[in-house]
Each structure stands twice: as structure tokens, then as C-alpha cells.
2 protein chains.
Amino acid sequence: MARPRGSTSEITGQRLRAAALRLFARHGFAAVSMRQIAAGAGVQAGTLYLHFADKEDLLFDLLRSHMEDLIAAWDGQARPEGPLDRLREFVGFHLGRNRDHPDAVFLSYMELRNLGPANFARIESLRRDYEDRLSAILAEGEAAGVFACPDVKLATMAIIAMLNGVNTWYREGGRLTRERVGEIYWGMVRQAVAASGRA
Amino acid sequence: MARPRGSTSEITGQRLRAAALRLFARHGFAAVSMRQIAAGAGVQAGTLYLHFADKEDLLFDLLRSHMEDLIAAWDGQARPEGPLDRLREFVGFHLGRNRDHPDAVFLSYMELRNLGPANFARIESLRRDYEDRLSAILAEGEAAGVFACPDVKLATMAIIAMLNGVNTWYREGGRLTRERVGEIYWGMVRQAVAASGRA
DNA sequence: AAATTATCTGAACACCCGTTCACCTCAAGC
DNA sequence: GCTTGAGGTGAACGGGTGTTCAGATAATTT
């Protein structure tokens, strides 16, 4: 056998990406073999090397595209006026992204160590770019006297860590709906950086 | 050759634990071989099986002892009176533990998936025990009217995620000292659950 | 219809994996 | 000082690893 009917590079590539994302997120990069990924896409192991240079390149492709999509999605949506509304928008956006792409989010925080220095640096840079969006909102609010965080960078890291934490425990059909969780987290974030709370 | 001079089970066991902790935290459970761990302790691979039943048992041993030590350390220290001081104490305690045991903390959040169901459940149970300490403080403060978190469990998860986040970016000798970071985070935590901020 | 190119197979490569075990040596008890 | 067992070795087991590549077939171009 050889080339199946109706197979294109585009389709097979996407199937491989999907299978790899799923397996990496479930079992970890090192624990998943190229053969398992290939099988998940209904293909032989050798085929992987027509689409990716090697295993790390496959991981890098997943992380890079996830980060680029994330930034593009944020930049591409209309932003409300005023720091408070923008912060609320960011919290909702970030939680929504985490909800819709749990595997990619998990990977991008857990498997960075499996990248070589150059690839690592590129992903880190993208992550910083994204975090800077939040920092900018906080700085803007600070200047306007709406927020009072002692340190914008630390508040950025604290908020993102807090929001990412939701993915580790939230289960569909649990005690609280997504919307309710979003409201509660928004409340905590707002108070944490509020100017009224304390100087 | 066979038994080296002056070797005891106690000493070798601790060296193996230390080597495994270091390597698992750096490269991940699946990426580290038994031979690498043994080499890190200056011993052959076969020796590992005199101390641990298998690879998972070694991981479980590390996670269990870390969680038990954590809980024992918290329970063993004198607690100040009043929810606000207790919460401050918890934040300082947790950050201090994360600072002193970064590898174990990292492992206990990242490598749970490599445990079988029974071992997984035991670690999860220990983690819940620890988190319940924080929940109790928040509930106490809520009852006293000092705190106003819309949901105690969510506030617990949010605070722990926020504090754990520090380990992912803090580097010794950076812009801020540990103490300063602790103060700033304490400020954000306090405001996030403060009763004065909003109903 | 023929030639060419894109796509995939499946076997092979050298190497590493977790785990077991017969054997060996040191330390302690009689 | 001899025996006993705790502690460790190092080779071996079956099987899995990432990666390569000659060969085969489908789609496309000429």
C-alpha cells in the first residue's frame, strides 16, 4: 500500500496535530511515542517526518500556533473603553480561551522544558507579549487612579496564575456554572487590584 | 564488586530520593530513566528495586512524603488569633514552603497523572486536607465579617494558584526580594477576599 | 496516455527502557 | 573467627524508542 485516496498534506497534518495535542496533554510529551501519535491520526510513524522535522518540532508547532492564535484573538476583538471594563474583558477572554483550548493551554505551561533553547525563547517571547497586554491594562488603570497594584508585573503574574488555576479543578456539570465561576473570579481580580481597597 | 563500605539502607534511600526528586522536577517523570536516577545517587539501577517496588512507587513516595511534611509543618506551628492574621500566616507559610521545596511542589502539581488510581486518590486526598486548612480560615473570617468571598472553595483555589505561580517566575537576585514579593502578594490576597471592598 | 510529483508504507537501524536475578562483599552477632 | 544476612552489582530479558529510506500508489501535469 502507499498513498490512500483523497489524502492531502493539509488534512493529514491537521489530524497529526490534533492527535499529538490530545496525547501530549493527557500523558506528557516524553511519555507519548511517535507511533502512538501516528496511530491516533490513522497513519504510519514514518508519515510524521513528512510534516515535522522531529518530535520537538511537532511540539513547537503546537505551542507556537496556540500562542499566536491567542494573541491574534485578543488583538482582533473590539476593546471596551476604560481600564475597569478592559480588565473585565480580559478576565472573560482568558477564561473563555482556557475553557475552549484546555489541552493547548496545559501544554504551553507544562512542556516548555522539552524545547531546545531557541524554540524555548520564541515561546517565552510570545507569552510575554500576551502578558504585556494585561500589564498595559493594569498600568493604564493605575495611571487613571482606578487600580492600585503595588507592582504591575506581579499583579499580572498573579492574575494569570489565578485564572489558569481554574482549568485544574473545574469540571463540567459541577456545583457552579462557567458563568458563575467567571463572575466570582472577576470579583476577586477586581478587588485585588482595586484602588479603593487600600493604598 | 558488591556492597561498598559504610553503606546503609537509610543513606542510600535518601540519596535515591534526592536524585529522583531533582531529575523528575527538571525533566519530567517519563523522561527520566531508572539508570539516570541510580547514577545520580552513585549506584547501579538494580539497587533501586531494593528500596522501591517500581518507578511509580518511587514517585508516590516523593509526593506522599512531601504532602505529609507540608501538612505536619502547618499543623505544628503556633497559629495567631483572628482570621486576618491567620490568613497572613498562611500566605507566608505557603510561600516559604514553595521557596524551600520548589522541586517537590512542582512535582506534586505536575506528575500526578503518572500515578495509578489508588495512589492518585491518596495524594489528592492529602492535597484536599491541606487546602481545607485555608478554606477553614476563609470560612472563619467570613463568619466574623472580616472576609467576604462569594465562594470559599473558589477563593481557596484562587489563592493557592496565585501563590504557586510565584515559583514559575521568581528568580533569586531579581528585581524584588522574597520578602517584598511576599508583602505584595499578601496585599493582593487580602484585598481579594476583603469584606470592605464590596459585598 | 504518459510522465511526474505528492503522499504514505513498512521494515530496518542503533539504542534505551523498566525490571529481574544469580552472585558477590561488607558489617554485625554469636 | 565464623556464620549470617543486609546491601549492591552487572549482565541479561523482552520490548519500545526516534528516525531513515527504498519502494509503492494516488493525484496532477503535460
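The chains referred to below are lettered A, B, ... by the order of the sequence lines, with proteins before strands, and numbering in each begins at 1.
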Using whole Å, what does the distance between atom [atom2] of nucleotide [N] and atom [atom1] of [X] come to?
{"X": "A/Asp54", "N": "D/dT17", "atom1": "CG", "atom2": "P", "answer": "17 Å"}
{"X": "A/Leu58", "N": "D/dT19", "atom1": "CG", "atom2": "P", "answer": "10 Å"}
{"X": "A/His51", "N": "D/dT20", "atom1": "NE2", "atom2": "C1'", "answer": "16 Å"}
{"X": "B/Gln44", "N": "C/dC21", "atom1": "CD", "atom2": "P", "answer": "18 Å"}
{"X": "A/Leu50", "N": "D/dT19", "atom1": "CG", "atom2": "P", "answer": "14 Å"}
{"X": "A/Leu48", "N": "C/dT9", "atom1": "CG", "atom2": "P", "answer": "10 Å"}
{"X": "A/Glu10", "N": "D/dA27", "atom1": "CD", "atom2": "P", "answer": "17 Å"}
{"X": "B/Gln14", "N": "D/dG7", "atom1": "CD", "atom2": "P", "answer": "14 Å"}

Do [X] and [Y] touch side chain to side chain, with heavy atoms closer than 4.5 Å?
{"X": "A/Arg79", "Y": "A/Glu89", "answer": "no"}
{"X": "B/Leu63", "Y": "B/Asn119", "answer": "no"}
{"X": "B/Arg175", "Y": "A/Leu154", "answer": "yes"}
{"X": "A/Arg99", "Y": "A/Val166", "answer": "no"}

Qualifying residues under side chain to side chain donor-acceptor pair (under 3.5 Å), relative to B/Asp61, sequence neighbours excluded: B/Arg17, B/Arg64
Residues that A/Ser135 engages under side chain to side chain donor-acceptor pair (under 3.5 Å), provided they are two or more places apart: A/Thr156
Which nucleotide in C/dT19, D/dT20, C/dC8 has an atom nearest any side-chain atom of A/Tyr49: D/dT20
N or O in side chain of B/Thr12 less than 4.0 angstrom from D/dG8 OP1/OP2: yes
Under 4.0 angstrom between A/Thr47 side-chain N/O and C/dT9 OP1 or OP2: yes
Contact pattern, 5' to 3', of nucleotides 11-17 of chain C - B, S or - by protein heavy atom under 4.0 Å: -B----B
Ring geometry between B/Trp74 and B/Phe90 (parallel below 30°, tilted from 30 to 60°, perpendicular above 60°): perpendicular
